[in-house]
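Only one structure is covered here, and it is reproduced in the block below.
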Amino acid sequence: MITPHPLVYGKRLEDVDVLARARLLAGLGMRDVGTFLDLLDQVALAPGTTVFREGDAGEMMYFVLEGTGRIGRGGLDLRTIGPGDHFGELALLGEQPRATTVAADTTMRLARLSRSRYRSLALSHARVALHFTQALARVLGDDLAAMTDSAALLAHPRSSPRKLAVRVVRGGELLVVATGTLAGTLLPETDHAAPVVGATFNRLEIGLETPLVADGELAPLTLASPEGRAIHARSVALLVLEAARRVAPALAIRTSAVLEDACVLALPADVDHARVAAAIEAEAKRLIAEDVPLREEIWSLDEARAELPEREISRALLASRHAPAVAVGRCGETYALATGPLVPRASRLGPFTLAPHADGLLLHLPSHDAHLPARAIPRHGGEMAIASRRWLAGLGIDSVGAFDARCVAGGVPELIRVAEGFHEKWVARLAEQITRRRGTVRVVAVAGPSSSGKTTFIKRLVVQLLVEGMRPHALSLDDYFVDRERTVRDEDGELDFEAIEAIDGDLLRAHVRRVLAGEAVTTARYDFVAGTSAPAGGPTLRLAGDDVLLVEGIHGLHPDLFAGVAPPEAVHRIFIHPAQTTPLDRVNVVTPEDIRLLRRIVRDRHQRNYTAAATIARWPSVRRGDLVHVFPRLAGADAVFDSSLPYEASVLKVFAERYLLEVPPSDPAFTTAHRLRCLLDEYVAIHPDHVPPTSVIREFIGGSGFEY
């Protein structure tokens with residue numbers, strides 16, 4: 001509500017001179033202007049007062065008599081207004097919502113004309129009313145022409161439409177719609193009971209407010225899909241950071257980890273996490289009630305480098321960008337790199353909660369995937385992950401942009417040596433833990449999700465155990481897969497290699513029982529290319545004395561694996577997975593899941609004769625299997641090994657980029673392939689020759705020193 005300012009309120013003689021300068025009254029005599037002034041109400045505003053907001057109902061137009069203000073739209077300042085200017089004139093012509101927001105910069109005094117008094121003007125002063133109406137039509141026409149010319153100048157020549165209508169295929173139905181139709185207007189609000197938060201057009205992710213300017217196939221993205229959940233999580237995080245900016249601007253809050261149905265927002269340890277969580281959640285819900293927009297904007301590279309706030313870590317990433325334009329997501333005054341679409345308005349965001357977390361705040365999001373557990377398993381690397389962040393911070397690497405800068409400055413050799421040395425140090429520590437239990441431990445079980453680097457870790461652990469005087473013997477659960485034709489299938493009918501039933505448990509337990517009894521056993525071998533198992537096709541194992549059996553596989557920590565074979569105290573359990581998340585900016589991070597997928601794409605192509613498209617198609621099943629069968633075992637681990645390497649995406653890029661390019665646009669995997677290509681674009685490439693032969697990454701790119 002506008003509150004009058006008593007010091008400046010009231011009509012003045014000089015107001016006639018000010019109104020006479022207005023474009024709508026130019027040409028009228030001073031007497032007629034005085035007559036017009038008598039029809040107007042006046043109001044005075046204090047600095048910072050909002051006259052009206054975008055979307056408000058309106059029935060009055062305004063003339064500025066004194067002071068200055070700003071007109072804006074969508075958070076963007078359009079122009080400054082001062083004495084003699086007018087605004088809000090469209091309210092006289094109908095009851096449409098306000099298209100702009102107007103606020104006072106200084107103390108302002110306004111004269112306002114209501115719709116009812118505008119109509120009565122024709123009855124009491126027909127000549128003045130005609131002059132005003134003609135001037136209003138002329139001014140609106142001039143403004144429209146200027147706006148059209150500006151839009152054409154901005155659009156020409158790249159974005160000018162090529163035809164008036166486009167052909168859109170939606171769910172098998174052909175639609176012919178006007179060029180520029182927004183994607184969201186052609187889609188329902190829900191699909192199979194899951195909220196629609198985005199779309200794909202010709203397999204590429206787009207926002208719901210993206211105009212369609214070419215023929216193609218349109219499909220919804222919902223919270224039941226990984227891509228839809230990513231859109232929603234990105235949008236909620238951006239909104240929450242804007243809420244945090246408003247209630248606690250001094251706190252540099254950012255996303256530090258992304259889980260399946262949650263993300264962790266980092267906060268300083270010396271603040272009251274519970275109090276901050278409550279304040280931010282309340283402000284975020286207020287922003288949702290206001291239905292604030294979340295915008296995707298295109299900035300020039302120079303503009304982004306200059307205008308992004310100093311604390312935005314994405315500025316470092318922009319230093320290595322070469323494209324002339326940058327996609328930026330925006331909510332209020334909070335910005336982020338647009339790594340994908342956003343939900344267009346806050347009212348479309350689903351429910352979420354904020355709660356205190358050891359590292360800051362836990363932002364919990366809903367999931368509509370019926371195959372996933374109700375809550376994500378928090379994934380961490382424990383003490384090792386904390387130590388890893390510490391040494392990276394010592395090298396000044398806190399984001400992808402900082403990493404790229406380090407590489408460009410010639411820091412690749414040092415970075416690789418330190419990263420690999422760090423891994424070796426922790427492998428040695430784990431070997432020492434096992435050695436202290438010599439005589440009790442007979443089995444070392446290593447488990448983790450797909451593409452964690454379990455095989456290489458085992459071989460490095462073998463070396464360290466030998467240094468400690470213990471004789472380990474490795475056994476891979478992958479060699480105990482049943483024939484592909486006997487593999488169980490998941491709820492979608494796909495082969496489920498992550499289910500415990502995919503392992504020939506009876507054969508495995510029989511072999512382990514005999515090995516622990518001191519017998520020589522010829523182990524199994526699985527041919528991944530042919531998809532067949534050979535129950536006695538592997539090497540022969542025999543334990544003697546204090547020898548230990550090292551068993552690795554995604555189900556290595558499953559309680560049924562050694563049931564009736566070895567007592568619990570005889571098994572030392574190690575969980576391995578890439579745990580680190582590397583920030584792109586304050587909203588977006590490179591997740592361990594994407595790193596594992598890139599690892600698997602490269603490995604499957606090199607070693608298992610699978611295309612990138614085939615690997616991507618199986619990935620949702622793999623992720624569900626991880627959450628259902630693998631990560632629940634993390635709590636029972638005696639130790640956790642973080643297999644992530646800060647430089648690995650740069651090395652994987654050399655191989656994965658080409659494999660992802662081979663995925664055709666017609667393939668359903670193209671959406672994910674394109675997203676991963678965009679992710680790899682953010683990294684400086686590192687030639688694989690720099691990678692030592694004992695690195696975990698060699699398990700995926702080839703050239704491992706353990707292959708001989």
Problem - Considering all heavy atoms, the nearest P592-P578 contact - result: CB-O, 3.0 Å

Practice task
Decide yes or no for I616 and L660: does some side-chain heavy atom of the first lie under 4.5 Å from some side-chain heavy atom of the second?
Solution key: yes

Practice task
Working to the nearest 0.5 Å, report the span between CD1 of I686 and CD of E648.
Solution key: 10.5 Å

Problem - Salt bridge flag under 4.0 Å for residues D638 and R436 - result: no

Handout entry: Atom pair CG/CG of L430 and L465 - distance to nearest 0.5 Å
Key = 9.5 Å

Exercise for the section: Decide if atom CZ of R471 counts as having more than 12 heavy atoms of other residues, nucleotides or ligands within a radius under 6.0 Å. Expected result: no

Handout entry: Backbone of V691 reached by a side-chain donor or acceptor of R698 within 3.5 Å
Key = yes

Handout entry: Identified side chain to side chain contact (heavy atoms under 4.5 Å, CB included) partner of R599 from the options I701, I697, D594
Key = I697

Handout entry: Contact summary for L557 and I574, nearest pair of heavy atoms
Key = CD1-O, 3.6 Å

Exercise for the section: Using atom types as modelled and distance alone, determine if a side-chain donor or acceptor of D404 lies under 3.5 Å from a backbone N or O of V684. Expected result: yes

Exercise for the section: Report the C-alpha separation of E699 and T456 in whole Å, then their side-chain angles, then the decisive distance to 0.1 Å, and conclude whether the side-chain hydrogen bond (donor to acceptor under 3.5 Å, both in side chains) test is met. Expected result: CA-CA 6 Å; E699 181 176 330; T456 299; 2.8 Å; yes

Problem - Heavy-atom check, side chain of E501 versus side chain of V482, under 4.5 Å - result: no

Handout entry: Euclidean distance, R514 CZ relative to L541 CG, rounded to 0.5 Å
Key = 11.0 Å

Exercise for the section: Measure up the F481 and F528 rings against each other and bin them: parallel (under 30°), tilted (30 to 60°), perpendicular (over 60°). Expected result: perpendicular

Practice task
Validate the cation-pi geometry between R618 and Y610: distance from NZ or CZ to the six-membered ring centre under 6.0 Å, angle to the ring axis within 45°.
Solution key: yes

Problem - Over 12 non-hydrogen atoms of neighbours within 6.0 angstrom of CZ in R438 - result: yes

Exercise for the section: Might you work through the side-chain hydrogen bond (donor to acceptor under 3.5 Å, both in side chains) test for E205 and T671, ending with a clear yes or no? Expected result: CA-CA 7 Å; E205 293 181 60; T671 303; over 6 Å; no

Handout entry: Whether over 12 other heavy atoms sit under 6.0 Å from D546 CG
Key = yes

Problem - Any side-chain donor near an acceptor of the partner, H690 and Y647, under 3.5 Å - result: no

Problem - Sidechain-backbone polar pair: H572 side chain, V446 backbone, donor-acceptor under 3.5 Å - result: no

Handout entry: Sidechain-backbone polar pair: D667 side chain, A669 backbone, donor-acceptor under 3.5 Å
Key = yes

Practice task
Side-chain contact test, heavy atoms from C-beta onward, threshold under 4.5 Å: evaluate it for V515 versus V512 and give yes or no.
Solution key: no

Problem - L475 and L508, any side-chain heavy atoms less than 4.5 Å apart - result: yes

Handout entry: Within-4.5 Å side-chain heavy-atom neighbours: R633 and P559
Key = yes

Handout entry: Ring centers of F575, F631 separated by less than 6.0 Å
Key = yes

Handout entry: Side-chain donor or acceptor of S704 paired with backbone N/O of F706 under 3.5 Å
Key = yes

Handout entry: Minimum heavy-atom distance between P449 and H577, given as atom pair plus value
Key = CD-CB, 3.7 Å

Handout entry: Geometric class of the F422/W391 ring pair [parallel <30°, tilted 30-60°, perpendicular >60°]
Key = tilted

Exercise for the section: Would you mind reporting whether H232 and R229 have side-chain heavy atoms less than 4.5 Å apart? Expected result: no

Handout entry: Nearest heavy-atom neighbours spanning R203 and P665
Key = CG-O, 2.9 Å

Handout entry: 4.5 Å side-chain heavy-atom contact, E682 and F403
Key = no

Problem - Donor-acceptor under 3.5 Å (N609 side chain, V529 main chain) - result: no

Exercise for the section: State plainly whether the residues R437 and E569 are in salt-bridge range, i.e. N to O under 4.0 Å. Expected result: no

Exercise for the section: May I ask you to check whether F641 and H423 place their ring centres under 6.0 Å from each other? Expected result: yes

Practice task
May I ask you to say whether R460 pairs ionically with E424, meaning some side-chain N is under 4.0 Å from a carboxylate O?
Solution key: yes

Practice task
Step by step, work out the side chain to side chain contact (heavy atoms under 4.5 Å, CB included) result for L337 and R321.
Solution key: CA-CA 12 Å; L337 295 177; R321 284 283 182 97; 4.1 Å; yes

Handout entry: Backbone N/O of V590 and side chain of T582: donor-acceptor pair under 3.5 Å
Key = no

Practice task
Spell out, as yes or no, whether a donor-acceptor pair under 3.5 Å connects the side chain of R586 to the backbone of T255.
Solution key: no

Exercise for the section: Report yes or no: does D483 contribute a side-chain atom to a donor-acceptor pair with the main-chain N or O of T532 at less than 3.5 Å? Expected result: no

Handout entry: Closest non-hydrogen atom pair, E414 against L395
Key = OE1-CD2, 4.2 Å

Handout entry: Exam field: side chain T581 to backbone S256, donor-acceptor pair closer than 3.5 Å
Key = yes

Practice task
Could you label the plane-to-plane angle of the H555 and H558 rings as parallel, tilted or perpendicular, counting under 30° as parallel and over 60° as perpendicular?
Solution key: perpendicular

Practice task
Classify the ring geometry between Y659 and H606 as parallel (under 30°), tilted (30 to 60°) or perpendicular (over 60°).
Solution key: perpendicular

Exercise for the section: Can you see which heavy atom on V602 is nearest to which on F700, and at what distance? Expected result: CG1-O, 3.3 Å

Problem - R429 and W426, any side-chain heavy atoms less than 4.5 Å apart - result: yes

